[in-house]
Amino acid sequence: MAQQPKISAREIPFAVDQALIGEHPAIVKLRALIERVASTEVTVLITGESGTGKEVVAQAIHMLSSRSDQPFVPVNCAAIPHDLLESEMFGHERGAFTGAAGSRHGLLTTANRGTIFLDEIGEMPRGLQAKLLRVLEDGVVRPVGADRATRVDVRVIAASNVNLSDAVAKGAFREDLFYRLQVVPIVIAPLRERRSDIPLLADHFLDRIRGRTPGREISISREAMVALWSYDWPGNVRELENMVERLVILCEGSIIDTSMLPENLVASTRPATPPVKVKLSDGGVNLNNLVRELEGRLINDALKQTGGNKQAAARMLGLKRTTFSAKLRRCGVIAPASLDDSDEG
Ligand SMILES: Nc1ncnc2c1ncn2[C@@H]1O[C@H](COP(=O)(O)OP(=O)(O)OP(=O)(O)O)[C@@H](O)[C@H]1O
Ligand SMILES: [Mg+2]
């Protein structure tokens with residue numbers, strides 16, 4: 001029998017739409033931006049709440065870049081103690097400090113010709129920030145205890161789950177580094193601002209589980225999906241991913257129903273009539289954004305209360321079905337297809 005040629009992972013082209021799932025306009029735009037910056041060498045600063053997919057985005061940029069066959073080296077600046085971070089990143093010479101028995105390469109050197117992903121960059125001590133700036137400006141790395149710097153060719157992608165400009169204002173983060181890092185800023189919207197992707201993501205995670213456990217029939221009921229859709233997901237996509245895994249484990253039958261959802265998820269649904277408290281400060285308010293936000297919340301509540309039925313939700317808000325649909329699209333709370341099949345026409 002003829003042998004199948006072996007295909008290495010490298011020969012399978014990277015598909016950004018399979019790594020970064022979503023059809024919400026914010027995600028469609030994000031994928032386009034990823035493709036655009038991947039073909040350049042610019043430094044990128046990714047901001048987004050925890051679990052929104054910052055590492056997924058960083059990896060996608062690397063995989064679509066000309067550096068894809070070189071290392072992608074993630075460094076979590078928050079997980080490495082401050083006094084170790086410098087030698088981890090820059091390496092050290094023998095005897096540079098107590099316990100440095102031999103010399104060692106740093107992660108910047110490991111990432112040479114590839115990409116270094118500096119996660120939680122806001123946690124980097126100020127002294128190290130100056131050293132990082134030199135890497136970005138001059139492309140050189142000086143290991144701890146070394147008297148000479150060596151050249152590296154790394155692309156830097158940084159990420160933060162806090163707004164770094166606040167840290168700059170407080171003096172905790174160097175302004176020059178901030179501007180140098182965010183040549184292209186990428187902001188990932190929290191999941192609650194792109195709810196229409198929740199069913200898509202939930203199905204994606206279910207599919208992945210099905211792939212691991214062939215023969216397992218499992219799906220999410222329409223009501224349970226509406227509940228998932230209404231929840232605010234403070235932990236974003238990671239929380240949804242973990243939730244789906246947990247629900248599959250706990251589900252004995254083949255349908256995940258509302259009764260299986262944790263209480264906090266079902267109970268945390270937002271009040272039907274959102275309180276509107278607006279103070280007109282000196283800076284004023286953006287009335288259009290405010291109105292849109294309120295519309296979005298009411299539409300969301302109406303859909304929740306009607307189990308995702310657009311016709312009924314429109315009636316509840318005293319709107320024509322077509323007006324309701326137009327508002328849905330404009331507010332970015334596009335009703336997912338799976339919530340929408342019973343009332344079209
Ligand atoms: N759009 C998406 N499509 C598919 N999976 C996603 C998407 N966004 C995030 N994920 C998945 O969610 C999880 C969290 O993503 P990731 O680690 O990139 O988030 P993060 O923003 O880096 O989080 P943290 O701030 O906690 O480090 C991962 O398992 C990732 O694969
Ligand atoms: Mg991360």
Side-chain angles (χ1 to χ4, degrees), residues 9 14-35 37-38 44-64 72-80 85 88-89 107 111 115-124 156-164 166-167 173 181-182 184-212 220 225 228-229 231-249 332 334 336 338:
F14 177 81
V16 66
D17 55 344
Q18 276 163 43
L20 193 76
I21 307 288
E23 283 170 10
H24 188 277
I27 297 298
V28 173
K29 262 195 204 160
L30 178 61
R31 278 196 297 264
L33 185 57
I34 289 171
E35 285 178 342
V37 298
V44 176
L45 176 64
I46 307 167
T47 314
E49 288 178 13
S50 178
T52 45
K54 295 185 292 296
E55 186 147 353
V56 175
V57 169
Q59 251 165 351
I61 293 172
H62 172 75
M63 290 308 293
L64 290 172
F72 174 83
V73 180
V75 185
N76 186 338
C77 301
I80 303 173
L85 191 56
E88 280 292 317
M89 281 181 64
L107 293 168
T115 306
I116 195 160
F117 173 53
L118 301 175
D119 203 359
E120 305 217 27
I121 186 105
E123 294 293 317
M124 184 177 276
V156 176
I157 301 180
S160 173
N161 53 25
V162 295
N163 191 339
L164 269 192
D166 291 346
F173 202 83
L181 284 174
Q182 66 155 5
V184 176
I186 294 186
V187 180
I188 312 181
L191 190 54
R192 63 183 170 280
E193 285 175 17
R194 44 181 162 111
R195 286 174 198 277
S196 51
D197 278 347
I198 291 173
L200 206 64
L201 283 161
D203 280 338
H204 165 74
F205 296 131
L206 265 191
D207 265 350
R208 219 175 49 189
I209 297 169
R210 284 193 206 103
R212 289 202 303 258
I220 300 175
M225 197 64 103
L228 296 184
W229 194 50
Y231 179 59
D232 265 348
W233 299 106
N236 294 292
V237 184
R238 179 180 295 110
E239 188 184 1
L240 176 62
E241 185 177 9
N242 293 341
M243 178 71 69
V244 171
E245 295 252 350
R246 186 164 102 203
L247 290 171
V248 170
I249 292 167
I334 304 161
S338 59

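Indexing begins at 1, ligand by ligand and atom by atom, following the structure's order.
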Completion exercise
Ranking V237, I188, L191 by closest non-hydrogen atom to atom 8 (N) of ligand 1, top hit is V237
Does some side-chain heavy atom of [Y] sit less than 4.5 Å from a side-chain heavy atom of [X]?
X    : Y    : value
I61  : T115 : no
V75  : E88  : no
W233 : R192 : no
F205 : L247 : no
E193 : T52  : no
L85  : C77  : yes

Check ligand 1 against [X] and write out every atom of the ligand that is under 4.0 Å from a heavy-atom position of the residue.
X    : result
L20  : 1 (N), 3 (N)
A19  : 3 (N), 4 (C)
L201 : 2 (C), 3 (N), 4 (C)
E241 : 11 (C), 12 (O), 13 (C), 28 (C), 29 (O)

When you measure from [atom] to every protein heavy atom, which one gives the shortest distance, and what is it?
atom                    : result
atom 19 (O) of ligand 1 : G53 N, 3.2 Å
atom 5 (N) of ligand 1  : F205 CZ, 3.9 Å
atom 17 (O) of ligand 1 : R238 NH2, 3.1 Å
atom 22 (O) of ligand 1 : E55 N, 3.2 Å
atom 3 (N) of ligand 1  : I21 N, 2.9 Å
atom 20 (P) of ligand 1 : K54 N, 3.5 Å
atom 31 (O) of ligand 1 : V56 CG2, 3.7 Å

Practice task
Answer yes when E55 and R238 have at least one side-chain N-carboxylate O distance shorter than 4.0 Å, and no when they do not.
Solution key: no
Exercise for the section: Would you check the N or O atoms of H204, main chain and side chain alike, for any that come under 3.5 Å of an N or O of ligand 1? Expected result: no
Practice task
Spell out, as yes or no, whether a donor-acceptor pair under 3.5 Å connects the side chain of K54 to the backbone of N161.
Solution key: no
Problem - R195 backbone acceptor or donor facing W229 side chain under 3.5 Å - result: yes
Exercise for the section: Assess G51 for proximity to ligand 1: is some non-hydrogen atom of it under 4.0 Å away? Expected result: yes
